[in-house]
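Have a look at the structure below before the remarks.
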Amino acid sequence: MKTAVLVGCGAMSDGWLKALAEVPELATGIRVTGLVDLDLATAKSRAEKHNLTVATGSDLGAMLEAQKPDLVFDLVIPAARAEVVKTALAHGAHVLSEKPMANTMAEAQALVTFAQQAGRLHAVIQNRRFLPGIRRIKAALPQIGALTAVHVDFFIGAHFGGFRDQMDHVLLLDMAIHTFDAARWIIDRQPIGVYARETNPKGSWYKHGASADALFDFEGGVTMTYRGSWCAEGANTAWEASWRIIGTEGTILWDGNEGITCHRVAGDEGFFRPLAPVAIPPAPPMVEGHAGVILDFLRAVESRTPPLTQGADNIRSLAMVFAAIDSATSGARTDMRPL
Ligand SMILES: NC(=O)c1ccc[n+]([C@@H]2O[C@H](COP(=O)([O-])OP(=O)(O)OC[C@H]3O[C@@H](n4cnc5c(N)ncnc54)[C@H](O)[C@@H]3O)[C@@H](O)[C@H]2O)c1
């Protein structure tokens, strides 16, 4: 049984605490011993809501001194992340952070180095990797030959209110990290450059960057296009986006949920070559979403193996976000150096 302190008791913490209590593998593997929030009343009310008899506090360092947990769950706002992760690693804890991994590339790089020096794991919640749909796509990729292109559409008319309405680069910074990370996992190569454009369309209820288009080059000549908007009313895609994945021998279409079709070439004559449908088997049973990432992290800590979403790799998805912002800002293509 590992002990954990959770820091940042805002909106996201409800889902975490529910998963930790209700998913059997987590309930038997992790015991939360402390809740921390800058606002002590928030930490206390979260403990009360989830019937937790745990320490509460507003000072992470003091909590870690007192509790000496194996794990720290970091759910603070992005601007506070780097300091929180450093403090947790310095106290000998393994850290699982909410996305995004950091507020800047320099911060993210420093966290990778810091975790290595501390000899502790730092991983990031990329919950989209822990859904049956993307697992089925990953398993089906060999059916379409060599991967050449991935085209992704994300269109959701989302009225959050709150901080997102005032953010710069809102779509790329707050949402595209999920889609870019999923694309990078599917493509399984390094991104090498991007041309991107951001707009804030007429009628947008956001201050900046509610829509974006990006064209990424990956190693090996694989391309990825992204068209996205958070102010497109009328025909929402899934939160996981809508995908066209093209290989040398066929195409997979994925609606982001359970709708997956795959066709591959079944003959070498005719203007349109004959196609055969390929059945895509269901994913093996799995713990999904946030709970899946937390469980993967727990297993990694127990076995001292890298988790799927470790920071040293996740920084490459964050690099896609910042390269896209850089390109959209400069109006020119941004080259990406391998990380
Ligand atoms: N993975 C997902 O699908 C997903 C979805 C939504 C949000 N998120 C991410 O989760 C994180 C938290 O989002 P939220 O919606 O819960 O935000 P929130 O604003 O509701 O809560 C953040 C909490 O952190 C506390 N906090 C800030 N700085 C702190 C510090 N230095 N020490 C202790 N507490 C501190 C605040 O007081 C607040 O209670 C963000 O990084 C966000 O991007 C992830």
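Position 1 is the first residue of the sequence; numbering continues from there. Whatever order the structure lists ligands and atoms in, that order sets their numbers, starting from 1.
Here Leu60 has no heavy atoms under 4.0 Å from ligand 1, in either its backbone or its side chain. Counting heavy atoms under 4.0 Å from ligand 1, residue Glu83 does not touch it at all. By the criterion of a heavy-atom distance under 4.0 Å, neither the backbone nor the side chain of Met101 is placed next to ligand 1. Contacts between Ala80 and ligand 1, counted as non-hydrogen atom pairs separated by less than 4.0 Å, involve the side chain only.
Of all the atoms in ligand 1, the ones that sit under 4.0 Å from a non-hydrogen atom of Arg81 are 41 (O). Residue His290 has at least one heavy-atom neighbour below 4.0 Å for each of these atoms of ligand 1: 1 (N), 2 (C), 3 (O). Near Ile125, with a cut-off below 4.0 Å to any heavy atom, the atoms of ligand 1 are 1 (N). For ligand 1 and Arg128, the ligand atoms under 4.0 Å from any heavy atom of the residue are 3 (O). The atoms of ligand 1 that sit less than 4.0 Å from any heavy atom of His178 are 1 (N), 2 (C), 3 (O). Every atom of ligand 1 with a heavy atom of Pro78 under 4.0 Å away is listed here by number and element: 41 (O).
Asp217 and Arg189 are not joined by a salt bridge, as no carboxylate oxygen comes within less than 4.0 angstrom of a charged side-chain nitrogen. Ion pairing of Arg81 with Glu98 is absent here, as no side-chain N (NZ or NE/NH1/NH2) approaches a carboxylate O to less than 4.0 Å.
A side-chain N or O of Ser97 and one of His122 form a donor-acceptor pair less than 3.5 Å apart. With hydrogens and angles left out, the side-chain atoms of His50 and Asp14 include a donor and acceptor closer than 3.5 Å. Side chains of Ser211 and Ser229: a donor-acceptor N/O pair is present below 3.5 angstrom, by distance only. For His159 and Glu233, the side-chain atoms include at least one donor-acceptor pair closer than 3.5 Å. Glu198 and His169 share a donor-acceptor pair across their side chains, judged by distance under 3.5 Å alone.
Not a single N or O atom of Asp39, backbone or side chain, sits closer than 3.5 Å to an N or O atom of ligand 1.
Residue Leu38 holds the heavy atom nearest to atom 30 (C) of ligand 1 of all those in Asp14, Leu6, Leu38. Compare Lys99, Met63, Glu98, Gln126 by their heavy atoms: the one nearest to atom 41 (O) of ligand 1 is in Lys99. Comparing Val76, Asp174, Ile77 by heavy-atom distance to atom 11 (C) of ligand 1, the nearest is Val76.
Hydrophobic clustering of Ile, Leu, Val, Met, Phe, Trp and Tyr side chains at less than 4.5 Å, counting indirect connections, keeps Phe180 apart from Leu215. Hydrophobic clustering (ILVMFWY, side-chain heavy atoms < 4.5 Å, transitive): Phe297 and Met286 are in one cluster.
Here the side chain of Lys207 pairs no donor or acceptor atom with the backbone of Val170 at under 3.5 angstrom. Thr56 contributes no side-chain N or O that, together with a main-chain N or O of Lys44, makes up a donor-acceptor pair within less than 3.5 Å.
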Trace of the salt bridge (Lys or Arg N to Asp or Glu O under 4.0 Å) decision for Arg31 with Asp70: CA-CA 10 Å; Arg31 185 163 54 90; Asp70 303 305; over 6 Å; no

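Residue, atom and distance of the protein heavy atom nearest to atom 20 (O) of ligand 1 are Ala11 N, 2.9 Å. Residue, atom and distance of the protein heavy atom nearest to atom 38 (C) of ligand 1 are Asp37 OD2, 3.5 Å. The closest protein non-hydrogen atom to atom 21 (O) of ligand 1 is Gly10 CA, 3.2 Å. Annotation: atom 4 (C) of ligand 1 to nearest protein heavy atom, Met12 CE, 3.7 Å. Nearest protein neighbour of atom 12 (C) of ligand 1, counting heavy atoms only, is Leu75 O, 3.2 Å. For atom 24 (O) of ligand 1, the closest non-hydrogen atom on the protein side is Gly8 CA, 3.5 Å.
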